[in-house]
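Here is the naming used below: chain letters follow the sequence lines, and residue numbers restart at 1 for every chain.
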Amino acid sequence: MKIRIATWNINSVRLRVPLVKKFCQKFNPDILCLQEIKCTDDQFPLSAMRKIGFEHVQVRGQKAYHGVATLSRLPISRSDVLDFNGTDEARHLAVQVEGTGDTPFVLHNVYVPAGGDEPDVEKNPKFGQKLDYLQGMTKHFKNKRNKSKSRMMLVGDLNVAPLETDVWSHKQLLKVVSHTPVEVDHFTKAQTAHNWIDAVREHIPPEEKLYTWWSYRARDWRASNRGRRLDHVWVTPTLGDVVKKIQIIDDARDWEKPSDHIPVIADIDLSEG
DNA sequence: ATGGCTTACAAAGTAAGA
């Protein structure tokens with residue numbers, strides 16, 4: 001069974017319904033995981049998304065900030081809503097995709113906190129909450145490791161660019177939130193906790209510069225190209241070779257009224273997993 | 001010059017993004 005899964009930090013879903021439509025017409029994902037929908041559950045543009053083709057929608061919204069939603073053409077059921085750092089913010093939603101075989105296939109949609117400006121837990125509580133969030137992920141998935149055979153995929157805006165090639169300048173970003181050594185360390189621990197495989201870097205060599213976010217502030221984002229790879233696709237080892245193709249849709253950064261993040265697409269074939 | 005912009009909000013400036 002072939003499924004196309006996309007992840008996109010949409011930065012306000014209500015504002016960008018036309019962009020979601022454009023993306024889906026061009027790339028036709030079966031499942032779309034959105035982050036930063038910036039609305040409550042009842043404000044979510046449900047009928048517009050149904051018109052686009054997503055009959056099955058799960059929303060974990062919150063007023064004004066954060067919020068995630070998973071939209072699907074295939075039947076899905078909510079399997080988990082987790083709060084990894086105890087702030088009760090809407091940053092996680094896991095669904096089970098039905099009809100994919102005997103072993104459950106669970107898809108986690110995650111929005112890790114940005115972490116504020118200063119990479120200092122004393123001066124900036126948000127940075128601490130970000131580290132707590134990554135630690136909470138580590139704890140949760142470490143407990144699950146080896147205990148369940150379920151096939152899992154984790155996608156979303158993880159707000160950390162772990163590799164030197166995931167930022168425009170490793171040296172200049174060492175003290176900038178998203179690429180500090182302590183964040184990368186916490187990020188790597190969360191990844192190792194469940195032996196998650198970085199499916200994007202399995203397909204695009206780690207030597208290659210790769211970004212999924214560019215600041216709104218650049219006059220010409222493509223010319224200055226000061227990007228970071230903040231959006232990720234992870235799979236459990238049993239799913240490792242079923243990721244057939246990865247696409248980074250950087251054209252979307254040039255669409256009208258764009259998000260500052262671009263979509264990442266993963267094509268998987270579950271019949272082999 | 002990584003903040004130059006963008007978003008939400010009991011609506012003008014504030015908080016947040018990263």
Side-chain angles (χ1 to χ4, degrees), chain A residues 7-20 34-45 59-69 85 87-92 110-121 123-134 156-187 190 209-232 248 250 252-264:
Chain A
T7 179
W8 196 5
N9 177 320
I10 197 68
N11 186 16
S12 172
V13 69
R14 287 176 292 174
L15 209 57
R16 285 187 236 288
V17 168
L19 251 67
V20 172
L34 298 175
Q35 302 87 35
E36 269 205 279
I37 59 172
K38 290 188 171 173
C39 65
T40 56
D41 290 15
D42 58 303
Q43 291 172 323
F44 189 85
V59 183
R60 163 79 172 117
Q62 162 181 344
K63 187 182 174 181
Y65 300 112
H66 323 311
V68 294
N85 66 354
T87 56
D88 201 34
E89 293 172 333
R91 297 183 174 279
H92 171 269
V110 181
Y111 175 47
V112 173
D117 280 328
E118 282 234 43
D120 183 329
V121 293
K123 292 183 200 157
N124 168 22
K126 284 189 181 160
F127 192 68
Q129 286 171 8
K130 180 179 195 173
L131 298 181
D132 289 348
Y133 198 89
L134 292 166
D157 176 4
L158 303 185
N159 266 321
V160 177
L163 307 179
E164 295 191 12
T165 48
D166 291 337
V167 291
W168 64 275
S169 166
H170 169 61
K171 212 173 155 187
Q172 282 174 260
L173 286 170
L174 274 170
K175 289 179 181 169
V176 174
V177 175
S178 71
H179 192 62
T180 64
V182 62
E183 285 169 88
V184 173
D185 179 60
H186 279 64
F187 179 94
K209 293 247 185 205
L210 188 63
Y211 316 133
T212 64
W213 171 90
W214 291 263
S215 168
Y216 280 126
R217 299 198 190 201
R219 263 189 213 97
D220 181 341
W221 69 275
R222 215 187 266 279
S224 63
N225 199 23
R226 295 183 166 185
R228 307 176 200 170
R229 186 171 73 103
L230 305 176
D231 302 274
H232 296 267
I248 312 286
D250 47 352
R253 189 64 181 73
D254 270 335
W255 293 350
E256 198 177 343
K257 290 272 272 172
S259 167
D260 44 359
H261 293 253
I262 55 158
V264 177

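Across the protein-nucleic acid pair, A/Trp221 atom CH2 and B/dT6 atom P stand 15 Å apart, rounded to whole Å. One atom, CD of A/Gln35, and another, P of B/dT7, lie 17 Å apart when rounded to the nearest Å. Residue A/Gln172 contributes atom CD, which lies 13 Å from atom C1' of B/dG3 at whole-angstrom precision. One interatomic measurement links the two molecules: CZ of A/Arg219 to P of B/dT6, which rounds to 13 Å at whole-angstrom precision.
Comparing B/dG17 with B/dG3, their C1' atoms are spaced 12 Å from each other, to the whole Å. Nucleotides B/dA10 and B/dT14 are separated by 15 Å at their C1' atoms, to the nearest Å. Nucleotides B/dT2 and B/dA16 place their C1' atoms 16 Å apart, quoted to the nearest Å. Using atom P as the reference point in both B/dT7 and B/dA18, the two lie 13 Å apart (nearest Å).
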(Q) Please encode protein proximity along nucleotides 10-18 of chain B as a string of B, S and -, counting only heavy-atom distances under 4.0 Å. (A) S-----SBB
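Side-chain N/O atoms of A/Ser12 include one lying less than 4.0 angstrom from OP1 or OP2 on B/dA8. Between A/Arg14 and B/dT7 there is no side-chain N or O to OP1 or OP2 distance below 4.0 Å.
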Please output the side-chain donor-acceptor pairs of residues 256-263 of chain A that fall under 3.5 Å, not counting sequence neighbours, one pair per line with the distance.
from, atom 1, to, atom 2, distance (Å)
A/Ser259, OG, A/Asn9, O, 2.6
A/Ser259, OG, A/His261, N, 3.0
A/Ser259, OG, A/His261, O, 3.4
A/Asp260, OD2, A/Trp213, NE1, 3.2
A/His261, ND1, A/Asp231, OD1, 3.3
A/His261, ND1, A/Asp231, OD2, 2.8

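Proximity of A/Val112 to A/Val110: side-chain heavy atoms (C-beta onward) are separated by under 4.5 Å at one or more points.
For a distance-only test at 3.5 Å, the side chain of A/Trp168 qualifies as a donor-acceptor partner of the base of B/dT2.
For the side chain to side chain donor-acceptor pair (under 3.5 Å) test, no residue two or more places apart in sequence or in another chain qualifies with A/Lys126.
A residue-by-residue look at A/Cys39 and A/Val176 shows that A/Val176 has its nearest nucleotide of DNA chain B further toward the 5' end.
Within the model, atoms NE2 of A/His66 and NE2 of A/His92 stand 16.0 Å from one another, a figure rounded to the nearest 0.5 Å. Taking CG of A/Leu15 as the start and CD1 of A/Ile37 as the end, the distance is 13.5 Å to the nearest 0.5 Å. To the nearest 0.5 Å, atoms CZ (A/Arg253) and CZ (A/Arg222) are separated by 10.0 Å.
In summary, the aromatic rings of A/His179 and A/Phe187 are positioned with their centroids too far apart to meet the 6.0 Å limit.
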